[in-house]
Amino acid sequence: MAPFTTSVAALALAFAGLTTLALAMARHYGAIWRRSPTAAEAALLRALGALLLLEALLACTLGWGVVVGLVAWFCLLSVAGLGLVLLLPYAPQRVLLLAQAGAPLALLLLLAGGR
Amino acid sequence: MKEGFRHSMAWLHTWGGLLFGWLLFAVFITGSLGVFDEAISRWMGPPAQATAALSSEQRMEAVRLATRHLEQTAAHSPFWGIRLPGEGEGSLRLAWRDGVGQLRIDHLDPLSGTPLPATAQRESDGGHHFVHMHFQLQAGTFGIWLVGLATVALLVALISGVVVHKRIFKDFFTFRPAKGQRSWLDGHNAAGVLTLPFQLMIAYSGLVVFYDTYMPAAIAANFHDVDHYEQALLERPGRPARQGVAAPLLPLECLLAVGETRLGREARFLVLSAPGDAGALVRIFGRPLAEDGQQELVVNSGVAAFKGATGEALWLEEPGLAQGGGALLTQQVMVALHFVRFGGYPLKWLYFVSGLVGAVLIATGLVLFSLKRRKRQTPEFGAATASIHRLIEALNVAAVAGISLACIAFFWINRLLPTALEQRAEWEISLFFAVWALSLPHALLRPPLRAWWEQLGLAALLCLTLPLINAITTGDQLLAALARGDGARAGVELVAVAIGLLLAWLAWQLRRRQRLAMEPLEVH
């Protein structure tokens with residue numbers, strides 16, 4: 001699959017995954033929902049976040065193979081994380097929207113490209 | 001005990017970070033630019049020529065013409081370099097050393113062998129300047145050692161930074177803007193924590209590139225010299241020694257044809273050591289293919305080596321194959337990780353951004369050092385404290401804003417220096433250093449905030465007007481480059497403009513800050 005498509009998809013998935021992991025923390029959860037997450041909610045968010053990061057890894061290996069894909073994944077996580085950290089204090093709601101819209105679109109892109 | 005440990009780590013992080021941060025910022029910024037060395041070289045070099053790929057016969061003829069030219073002009077040079085046209089380069093580029101050891105460059109038309117005028121070439125180190133700058137500061141082996149020392153200090157700073165950072169997981173995604181020192185620390189932490197894998201990898205792999213320079217003892221104890229070590233490692237015959245006996249070269253074009261067959265791909269570059277000597281060595285380097293590095297880390301386009309006088313094949317490094325066993329393969333993988341020749345443009349961009357974040361990490365660390373001391377004056381140097389803190393501030397400005405200014409100035413110098421100038425490439429580099437050197441007295445003469453915004457503002461201005469100076473000096477326009485799909489040239493200018501906007505915002509913020517700080521004084 002074209003590395004460009006996969007890198008866009010993997011970036012969106014990494015961003016969504018890291019956002020979900022951030023939301024499992026009281027500080028960032030509170031910035032959006034004005035309360036602390038319950039233990040169950042936090043656990044669920046963490047599991048979902050980890051799953052999304054794994055999907056990002058999958059996208060990278062589809063684009064570049066396992067070896068280069070793994071390097072790409074680490075770099076993408078860093079860059080997505082920085083984007084998140086810079087956006088989160090200014091527009092938490094929009095970060096949530098971006099993550100919610102980005103992840104399904106990325107998966108669709110991967111499915112369309114994988115055929 | 002535990003607090004004692006953290007305290008000493010904090011000390012190490014602060015002072016080690018400060019001393020080596022000045023150098024490391026330059027290494028990170030030039031190293032990041034070096035990721036795009038080919039695009040920058042393309043931008044800095046002569047205008048793009050529409051080049052049809054040369055056929056095998058045309059390449060042989062080009063090499064024959066090159067040999068004829070070199071035999072006439074460079075018979076006594078210790079080496080000849082011949083770069084064939086391709087990858088956007090239209091000319092046949094010849095390199096050799098003249099009688100006083102100065103590197104000389106000539107360009108020929110590859111089909112007719114006519115020398116092309118130097119004025120048409122805009123001779124420049126291009127993007128290689130940034131690559132060389134980041135690993136040896138253009139100072140040879142001494143520079144390699146200095147950068148190595150700084151890199152070890154970087155590893156120490158990264159690890160001591162993790163120890164000092166008490167809330168590494170709690171603050172993982174935390175950035176609180178517009179809160180003064182708090183925000184700088186958040187930014188410093190986020191930049192470091194989020195890109196920690198990259199920073200550790202790039203520092204460590206950078207050291208591994210020069211393992212035989214940084215840790216020469218094992219090789220020195222067991223081998224006559226590095227050459228013998230390589231022979232043993234790669235199980236290949238040694239480089240032929242200079243005999244001092246003249247012997248005619250075999251026609252190079254024949255060796256080219258054999259070399260290309262052995263490599264299974266087109267040649268990009270030929271290097272002759274000791275041409276005209278019975279011990280002449282010919283090395284033929286393969287051209288990278290578009291699919292190289294799409295799936296593997298180690299990208300190697302192959303080398304075929306021959307004896308120049310007899311044509312005897314000496315060794316062959318096959319493209320894509322690793323030689324020399326597990327240890328060397330490990331080293332090659334680390335080197336490949338550092339050089340990012342794999343994964344195409346997406347990976348280059350990721351490295352570029354991660355590298356710049358590394359630069360931000362260092363810059364914020366330097367700023368924090370001064371911010372903390374501006375708040376509470378600790379008399380750490382006795383009576384000299386104030387002046388030493390002032391000097392550190394000025395060095396911070398020159399190390400961060402000054403080098404950024406020098407980097408963009410390098411692009412301007414490339415366009416403004418006359419193309420007919422002798423040793424033009426060297427002049428470009430000297431002027432780059434001159435700009436950087438001048439940033440220090442400026443930083444010492446101006447109040448700190450003013451020095452910061454003036455240098456960053458000037459860098460921003462140079463970045464934002466780069467397309468303009470290019471249009472004025474070459475007649476080529478950004479939009480025209482975009483329209484003909486010249487991504488390398490257009491990309492350089494677009495990135496410069498984007499960085500220029502960022503620097504302009506930063507300079508404007510700092511200027512506003514300085515005005516606010518001065519107001520009370522003006523009222524009285």
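Only this structure's heavy atoms are used, side chains among them; waters, hydrogens and symmetry mates stay out. Note on naming: letters A, B, ... go to the chains in the order of the sequence lines (proteins, then strands), and numbering restarts at 1 for each one. Remember, predicted model here, so these are calculated numbers, not experimental data.
- Residues A:Phe4 and B:Tyr345 place their aromatic rings such that the two centres sit no closer than 6.0 Å.
- There is no contact between B:Asn189 and chain A, counting heavy-atom distances below 4.5 Å.
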Chi angles and distances behind the side-chain contact (heavy atoms from CB on, under 4.5 Å) call for A:Glu41, A:Tyr29 = CA-CA 10 Å; A:Glu41 280 170 336; A:Tyr29 187 98; 3.1 Å; yes
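- Residue contact with chain B, scored on non-hydrogen atoms closer than 4.5 Å, involves the side chain of A:Leu88 exclusively.
- Across every non-hydrogen atom of A:Val79 and B:Ser354, the tightest pair is CG2-OG, 4.2 Å.
- Contacts of A:Leu77 with chain B are absent, with no heavy-atom separation under 4.5 Å from either backbone or side chain.
- Contacts of B:Leu196 with chain A are absent, with no heavy-atom separation under 4.5 Å from either backbone or side chain.
- The candidate with the highest count of non-hydrogen atom pairs below 4.5 Å against chain A, out of B:Pro197, B:Ala190, B:Pro177, is B:Pro177.
- Ring orientation note: the planes of B:Phe172 and B:Phe169 are close to parallel, at an angle under 30° on the 30°/60° scale.
- B:Asp186 contributes a side-chain N or O that, together with a main-chain N or O of B:Arg176, makes up a donor-acceptor pair within less than 3.5 Å.
- Contact of B:Val340 with chain A is not made at all, since no heavy-atom distance falls under 4.5 Å.
- With a threshold of 4.5 angstrom between heavy atoms, A:Leu11 does not approach chain B through any atom at all.
- Note on ring orientation: taking the six-membered ring where Trp is involved, the planes of A:His28 and B:Phe173 are perpendicular (angle over 60°, cut-offs 30° and 60°).
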